[in-house]
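Let me begin by handing over the structure; questions about it come next.
Letters go in sequence order (proteins before strands), and every chain restarts at 1. What's counted below: heavy atoms across the whole structure, side chains too, no hydrogens, waters or symmetry copies.
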Amino acid sequence: MKTESVLEKVLASGQMAVTSECGPPRGSVPDKIIEKANLLKGYVDAINVTDNQTAMVRMSSWSSCIFIKQMGLNPILQMVTRDRNRLAMQSDILGAYAHGINTMLCLSGDHPKFGDHPMAAGVYDLDSIQLVRMVKDMRDEGKFQGGADIVNPPKMFIGAAANPFADPFELRVARLAKKVKAGVDFIQTQCIYNVDKFEKWMEGVRERGLHKQVYILAGITPMKSVGMAKYMKNKVPGMDVPDEVVKRMSSVPKEKQAEEGIKIALETIERLKGVEGVNGFHIMAIEWEEKVPEMVERAGLLPRPQV
Amino acid sequence: MITAERKPLSELVECVRPYGRILLLGCNECVTVCAAGGRKEVGLLASSLKMAFSKDGKNLDIKEITLERQCDPEYVEELAPHMGEAEAVLSMACGCGVQEVARRFMDKPVFPAVNTKFMGASERQGIWSERCAGCGDCVLGITGGICPIARCSKQLMNGPCGGSSGGKCEVDAEMDCAWQLIWDRLKALGLEKRYEENMPAKDWRPGRGAGPRKIIREDLAR
Amino acid sequence: MENFEPVVVAFACHYCAYTAADMAGTKRLSYPPNVKIIRVPCTGKVDMLHIMKAFEKGADGVCVAACLDGDCHFRTGNVRAASHVDAVRKLLDEIGVGGERLEMVALSAGMGERFAQIATEITEKIRKLGPSPVRKVSVAAGAA
Amino acid sequence: MQGEKEKSAKNRVLVIGAGVGGMRAALDLAEAGRSVVLIDKAHSIGGLMTQLDRTFPTNNCDVCTLSPSLSESGRQLDIELMTSTEVVELKGQAGDFSVRLSTQPRHIDLEKCTACGDCLAGFPECVRFTPGLDPRAPTCMRYPQATPYAFSIDLSRCQDVDELVKICKAGAIIPNDRPRSVQVNVGSIVVAAGAQLFDPGKLEVFGHGRFPNVVTSMEYERILSASGPTRGALVRPSDSKRPARIAWIQCVGSRGLQKGANPYCSSACCMYALKEAIVTKERFFKDIQTTIFYMDMRTSGKDYELYYQRAVREYGIRFVRSRPHTIDQDPVTKDLHIAYMPVGGDALREETFDMVVLSTGFQISSDLQELAGRLGIQLNANHFVLGDAFNQVATSKPGIYTCGLFESPKDIPETMVQASAAASNASIHLDPDARIPVDRQEFPPERDVSGEEPRVGVFVCDCEFNIGGVVDVNDVVKSFEGLPQVVVSKMIGHGCSRESLETLRRSIEENKLNRVVVGACSPRSHEPLFQDTLRRAGLNKYLLEMANIRDQGTWVHMDRPAEAAQKVKTLLRMAVARVRLARPLRDHVAPMNRNVLVVGGGVSGMSAALNLAELGFKVTLAEKTGQLGGVAKIISRTLEGADVKAWFEELVRKTTSHRNIEVLTHCSIVDHCGTAGMFTTGLQVGGEYRKVDHGVTILATGAVPNRPDEYLLGKHQAVMTQLDLDGFLEKNAAAVKGWQNVVMIQCVGSRVPENPNCSRVCCQAAVKNALRILEVNPEAMIYVLYRDMRTHGFQEEYYTKARERGVVFVQYEPETKPSVQSNGNGRLTVRFRDPILGRDLILEADCLALSTGFVGNAETVRELASVFHLPTTDDSYFLETHVKLRPVDMSVTGFFIAGTAHAPKTIAESVAQAQAAVGRAQTLLSSETINLGASVAKVEREKCAACLICVRACPFQVPYINAEGYSEIDPARCQGCGICASECPAKAIQLLQYEDDQIMAELEGLFERV
C-alpha cells in the first residue's frame, strides 16, 4: 500500500471499486454538499469533489472535501492546473492532506472560455501529467518542486482522467502511458457510451501492459432524456455518443426516457465488468445524484466491501 | 513578426480630443507588413480623425510621419525637428515603438493607436496567427516544429487534452489543435516515439518568469 | 437646407462603368449633374485613402462604380474594390460621417440606362441624407 | 477611295463580312501590318453577335469585353471599312486578284457626321442607326477606322428630303448620294459572310408568327437584353406579363427533324438554349420553370459539358428527351400547349407553358450562294463553302479562304479560331517584305519639359451644337483665363477636325505649352487622336488630360443648361488640376524576336510550323519523342473518307524539308525566361542542353487517348477502342467479314466524374467505323450504345446515313450502364437496357468497340505549365485567356495554344487552330518592337517594406521580392490595373498615369472654390 486511501485498498483487494462525484455549491453554505454526500453513503467507495468545474466559481474542492471527510466518507480531491501555479497547488495538497484527504485526481481543467469567468487568465503553469508527477515526487521522493525536502510528505493516492474518445484516437493509449510513466495510480475515464470504441482502447491498454500498472475506473453517466443525449453528442467536446444510443433514447416515450437512460448505463456496466483491466466504475449522475444508489444496487455492486 | 490591430476610432478620438496639433506616426516594419500602421493606415487614420473633429467644427492639425523603424533611437531622433509644434503624439507602431518615442520625448504625451497583439506568421493575405510566445527556451526541436505553448489553448506540454476533436481545439472550432499538428508532424518525421517521452514541468525563468528581459551581445555592445 | 445640392464623386472603371456613363450620353439620358466621375483603370485601383480624401475635401457622397461580377478586365479588381468599400464604410460609420454615403455599384459597359438611374438614385439618396457633416466646415489639408 | 489603284495587291486582303469573324480576321491581318479592305452588306458592322444578350459559357456581355481589346493598341491599323458594300466581280488569281465593289448610298458624309442624333429624332422612320435592335453596338464598337460612328439614311422612306437635310447642323446629309463602284487589288480574300437564321414560320406546327408567345431564340435574346425592346424586363409578348414556365424546343429547322428542316446540325443551339435558360434563372427569377425539349444535348466544346451539368444541378433546368410535334395556343390566355411523346413513354403528353423559345439553326441565304458564284468558290449540297478535308478554311479556289458560319454551322469560339486561321492563310499570298510596320510613325523629337513650370493650355471643343448648343463655350473658356499656370484658354470649333487639330498643335508650339487640357468628348474614343497632336507638337503624349464634357456633360444635362455649364467648368477644373501633375511617360517598348518555338510535333505543331515557315518566320519545332506525328499517325481515314495517312506523310515531308523549320526530336523543355518578343527557353535535346531565343511560343502538346480500365479493355482481345478499331479495319478488313454482331459503347471514360468533359470526337468516330464495317460486311449488325449522339454540323448526315444502313442506336443513362462479360469462346455477352422497349437486351458480340476519347496530357501539361507559368484547366488542358473571344491566346502574352492541348478535337479542327495560332502570332511577329504601354506600377524602393501584399494581391502574379529585398514589378508584364498600388500598406507603389497625387489633384479641382 502506498497510501491510507480506502479507494486504494478496495482496488488492491481485487474487487470492483465504485466512485461518484459531488459538485461544491456556488455559495458559502455547505449544506448542499453534505446532503449530496449523504445520499451516497454506503453505496460508493469514494466521492470526487470537483474543482471549479466547467470553469465556474464554486466553493473550493479541498474545503468541500473536509466536510465530506468529517462525515466519515472518503473524498477525492480534484485539482485543475488552470487556476493555480505550482506553489499554490503544493500548499493546497499539504493542507488537504493535513485534513486527512489522501486521494486526489489531477486534471488540466476546462478552459476559462467555457465558464463564467472567460476574462480570467488561465494559469497552466503545469499540465495534468506534470501535476501527477509533482504529487508523486511529493509522496515518494518527499521533495517540493524547487528541490527542498518536505517535512512529513503527503501520501496521496494519485488519480488522473483519460478520455479514450478524443482525437487523435491513436494517441489516446500513448497518453495514458505517459500518465502511468508520470506515476498515476488510478484512472477515471470519460463517460462511456461508445462501448466498442472503449473496448478497442482497452485492447491497446492491455497490449502495452498498462492495465497491470494502473487501476482503471470506467466512467458511467446515465442520460435523463433524449435532449441530454443530443446535447452530449453535439455540444460537449470529447464526448462520443453513437447514433444508436440517441435513437434508442428517442424510441421510447418521454416519460420513460430516464429509465431507458439508466438501463443503458446498467447494460454498459454489465458489459464492462467482463473487460480485463476495468477495475471499477466512476458513476457521475449529473444533477441526478439521488439515482446513484439505485444504480449501484441494480448493477449488483452492493454491498460495498469493508476494507 | 509583431502583429497589431488599430484601436477603435472612438478611443482614439477621445485620446486626441484635448489637442489641436497631433503628430501621427507610422512604422515601416512589422505594423506595415501586418497592415496596421504603415503609411497607408496613417493616412486613413489622419483622414478619419480630421473628419471626426471637423464635423464638430474643430480643425485638427495632423502631421503624418512614417519612420523606417520606431523601436530604434536613431530613427526616432528624426522626429526631433517636428516635435516642437506637436501637442501630442499618436503612434501606430507596436508597443515597442510607442515606448521608444515616449522615452525620447519626455515632455510629449504619446498615445498608442494600435493594440499590439502577438508574434505571428501570415497564413495568407490578410490573415495572421500566433506562433511564438517568446518563452525563452525553445522546444520546437522536440515538438515537431509546432509550439504547444503558443498554439495550445492550455499550453499543454504532454499531449492533447480530452477536448481535441477532429483536429480542432475545443476552445474554437476554427482553431487547430496544436497537439494534433504536432502528432501529424512527428508521424511524418517518423518520430512517433518522441511523443512517449514525458516533458517535465517547464522552467519559466527564461520567459517572463524572471521579470523584463534583456539581451546583451557582448561583442556588439562593448 | 432647402437648396442643398449634393456633390457626389464617382470612381468609375475605364472598361465598364466609365463606358456605361458614356453610353448614357450617347443615348441622351438625363441625370442630375451632381455626380462627377474620376476615371480609374480599374476600381481595384481606388485606394481607401482616395475615398476618405474625397469626403475630407467635401464630398457628400462617393460611389465606386465597377464591372459586373466576373467581368473585371483585371480579373479581381472589382472584388478587391468591394472589400475596400466595406472597410471604408465601417470607418465612416465610426467617425460619424455615415457609411451609407458610400456606395458600390456594378454595371457593364452597355448599361447606359443603369448608369443614369444610379446617378439619379444616389443623388436623391444623398440629398435626403443632407450635407456631409464634414462639408460644413472647410478643412485645410496638410499631410507630410 | 483616293489612291486606291496605287496600293499594291502584294500587301492587301479583302475581308467580306464584318461580323465577329470578319472583324477578327481583319484585325489579325491589320495588326500584322497588312492592308485590309473590310466590307459588309449592312450599313454598320457587328453581325449576329451584337444582338446577343450574353454569351456562353461565361455569361458575359462579350461585345463589351471585345471592344476594349480592339481599341487598346491605339495603333494606326490599315483597315478600310466599307459598309453597304458588295462584291460585284472578281478577276485574277491568288496573289493578284482584282475585285470590283459596289457601295450603296449612305446619304451621310462620314467625315462630317457627329452622330448627334438630330436626324434620328426628327425623322425616325428613315434613319438607320442600330444594327438589329441594339443601340449598344455602335458605341461599344467605337474605335478608330472601324464601325462608322455615324448614321445612315434610307432615302426611299423620306417624305421631305429638304427638311431632313436642314435638320443636320453639321451638313452631313447628302441627298443626292449615288451608288459607287470601285476596283481594288488584293493578294487574297477572306469570306466571312456569316449565315442567316432559319425562319420557323415555314414550320406550321410551331405557330411562330401566329402565336405571340412563341419566339425564336434570337427574339428571346433581345427580350433578355438590357437594351432590347423590353429594356431588359423579362415579359412575354402577348400581355407583357412575367412568364412562369418557359420551354425551349431544340433542333428547329435542323437535323432534318421537321419537314423543311435542314439535314445538318446547327452546332450552337444546344449551348445557347442552356445559356438562355441559365441566364433566365440567374439574372431574372429563380422560380421560372425552364424546360428544354431535345433529342441529344450536344455540349462537346471545351468545358461545355460542365456548363450543362451546372444547368442540371445548380439551376434545376428540366430536360425532356423528346421531339414535340405541335404547339397549340389557348385562345384566351395565349398560353401554349406542347404535345409530345416522351422517349420510352407510351402515350402522348401535353404540357402548358407561358412562352416557348424555338432554338433555330443556321442556313445559307440565296445572296450568299450568288456571292459564291461571283467569287467562283464551290459550295456543298447545303450551300456552305466546300472546304478541304484537312484545311477547313480553304476554299476550292486558291487565295480565297473562309471562316465562320459560311464554312459550316458553329459557335463563336470556333468562328474566332477559323478567322485567325483564315488570316494566317491569307497572309501566305502576300509579300512578306511589304508589311507596314504598324508601330512606327514619324513624329518630331519630344521636348524635355522636366525643369519647366507647368504651362497649361485649355482647349474646349464645341462639338458643333453638341456642346456649344447647351453651354456658352466662350464663357467657359473665359472662366479659365488667368488661372494660375493656365497660359491659353480657347475654344476650338469641332475639335477633332483636321483644322482644329492643326490649330491645337500650333498653339502648343507658339505658347510653349507643356500641359494640355482638351474639353470635348470621351477620352475612350478620342484620346489617341489628341495624343497624336501633342506628339506632333513635340510634347509627350501623356501630358494631355481630357475632360469629358460632352458624353458626361452636355449630352446628359441638356435639359438644365445652367447646371450643365457649372458641371462642364468643374470637369475642366478637375482636368486642369490633374494635368499640372502629369508627367511625361515612356511607353515600354522592347525589340521583337521573330523566331517561334513550337512545342509538340503532332499534326497541330507541324501545321503551325509550316504556316509560320511559309510566312517567313524561323521555327524551332520541339518534339518530345523520337519522331513527328502524335495521335494522327495511327488514324487511317476521316469520317468523310479522306486518306489521313497520305496527307500525314506529306505533312511530315514538308515539315522536315522546309528551310525555315528546325525539327528537334527527343527534345524536352527545361527552363524558360523573358517576356513576349524576347523569350529564352532551355531545351534538352538528346544528351545536349541548348538555349533558344524566340518571340512567340506555340503549345501543341496534344491530348492522350484514354484507356480506362473498363469493359474488359486490355483483358479481352475482342474489346478495343475506336482508335484500335480504325487500325484493325485498315489492316484486317477480312476478319470483319465473319462478324455478326458489333457493339460500340460511347462515353467510356468521358462525361464521368473522373473526366467530366465530352471528348468531342468519339461519336463521329463510332459512326465512321460503323459505316466502314458495313462497307466490308453489309450483313453485320452494329449496335451503338450512346448517351447523346454528338455529331455536330455536317457529321449529322453520316449519323443519318448510318441509321439508314441499319446501325442500331440505343440510348443509355449513366445509371443503367451496359455490362459486358467474356463468354469464353472469344466472344462477349453484352447486356444493355433498351429505353424504347423498356427492357434489357442481351447480345453476343464479336467485337466491342469502346469510345474512350481523350484525356489531358497531364504530365506534360503540368511540367510545361510550371516552366512557362501558364494556367491550365482542372483536367490538364491549357487554359486560353478568353474562352470565347481569344480561344488560342493565352493569358501570358506571346503564348498560343494549338490543337488538342486546348481540348479534344478532330484533325481538321486541330489544323484550323494551329493556323489560328499562327494568325494571332503574326500580329506580334510583324512588329519590330512590342509596345507595352506606360500605365504600369512602379515601386519606390525606399518605402517598400517587402510585406508581400502586392505579390499576393496582383491578379497576374507580376510583383516579386527581388534579391535586394524589395518588390519589383516587371513593366513588361504589368497589366496596369493598379490593385497593388491601392493595397500597398507602405504607399510604396504608384501606378503611372494614375498616381495618387494626380487623383488627389483631381479631387482638389472638384472642390476648389472659384
**Q.** Engaged part of D:Leu1006 at the chain C interface, taking heavy atoms whose separation is under 4.5 Å
**A.**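 Answer is side chain: those atoms of D:Leu1006 sit under 4.5 Å from chain C.
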Q: Quick one: closest heavy-atom pair of C:Phe11 and D:Ile999, and the distance?
A: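 The pair with the smallest heavy-atom distance is CE2-CG2, 4.2 Å.
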Q: Check step by step if side chain to side chain contact (heavy atoms under 4.5 Å, CB included) holds for D:Leu991 and C:Lys45.
A: CA-CA 8 Å; D:Leu991 179 67; C:Lys45 168 73 185 82; 3.7 Å; yes
Q: Quick one: which of D:Glu983, D:Gln975, D:Gln566 has the most heavy-atom pairs under 4.5 Å with chain C, could you say?
A: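 Greatest number of close heavy-atom pairs with chain C: D:Glu983.
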Q) How long is the gap from OH on C:Tyr18 to CD on D:Gln552, to the nearest 0.5 Å? A) 4.0 Å
Q) Checking heavy atoms, do the side chain of C:Arg39, its backbone, both or neither come under 4.5 Å from chain D? A)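 It is both, since atoms from each part get that close.
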**Q.** Closest heavy-atom pair and its distance - C:Val7, D:Phe1007
**A.**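 What the structure gives for the nearest pair is CG1-CE2, 3.6 Å.
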Q. Hey, are C:Lys53 and D:Asp996 close enough for a salt bridge, meaning a charged N less than 4.0 Å from a carboxylate O?
A. no
Q) Which heavy-atom pair separates D:Glu1002 from C:Ile37 by the least distance, and what is that distance? A)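 Taking D:Glu1002 first and C:Ile37 second, the nearest heavy atoms are OE2-O, 4.3 Å.
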Q | chain D contact via C:Phe115 - which portion, at a heavy-atom distance below 4.5 Å | A | neither
Q | Distance, nearest 0.5 Å, that separates OG of D:Ser522 from NE2 of C:His14 | A | 7.5 Å
Q.
So which atom in D:Cys977 and which in C:Cys42 form the shortest heavy-atom distance, rounded to 0.1 Å?
A. O-CB, 3.7 Å
Q.
Rounded at 0.5 Å granularity, tell me how far CG in D:Leu1003 sits from NZ in C:Lys36.
A.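 It is 12.5 Å, given to the nearest 0.5 Å.
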Q.
Does D:Lys943, at its NZ atom, have more than 12 non-hydrogen atoms belonging to other residues, nucleotides or ligands within less than 6.0 Å?
A.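 Result for NZ/D:Lys943: enclosed.
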Q) Using a cut-off of under 4.5 Å for heavy-atom pairs, which of D:Ser982, D:Cys984, D:Cys521, D:Ala953 has the most such pairs with chain C? A) D:Ser982
Q) Between the main-chain N or O of D:Met1000 and the side-chain N or O of C:His50, is there a donor-acceptor pair closer than 3.5 Å? A) no
Q | Between CG on residue C:Asp22 and CG on residue D:Asn548, distance to nearest 0.5 Å | A |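 Rounded to the nearest 0.5 Å, the CG-CG separation comes out at 5.0 Å.
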Q. Does the side chain of C:Met23 come within less than 4.5 Å of D:Asp551's, by heavy atoms?
A. no
Q.
Donor-acceptor pair, distance only, cut-off 3.5 Å: does the side chain of D:Lys567 make one with the backbone of C:Pro32?
A. no
Q. Which one of D:Arg560, D:Met558, D:Gln993 has the most heavy-atom pairs closer than 4.5 Å to chain C?
A. D:Arg560
Q | Whether C:Ser30 side chain and D:His557 backbone form a donor-acceptor pair below 3.5 Å | A | no
Q: Determine, step by step, whether C:Thr76 and D:Phe956 satisfy the side chain to side chain contact (heavy atoms under 4.5 Å, CB included) criterion, reporting the C-alpha distance in whole Å, the side-chain angles of both residues, the deciding distance to 0.1 Å, and the verdict.
A: CA-CA 10 Å; C:Thr76 52; D:Phe956 306 94; over 6 Å; no
Q: Could you tell me which of C:Ala24, C:Gly44, C:Gly112, C:Pro41 has the largest number of non-hydrogen atom pairs under 4.5 Å with chain D?
A: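 Winner by heavy-atom pair count: C:Pro41.
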Q | Non-hydrogen atoms of D:Val556 and C:Leu29 that approach each other most closely | A | CG1-O, 3.1 Å
(Q) Please classify the contact between C:Ala81 and chain D as side chain, backbone, both or neither, with a heavy-atom cut-off of under 4.5 Å. (A) neither
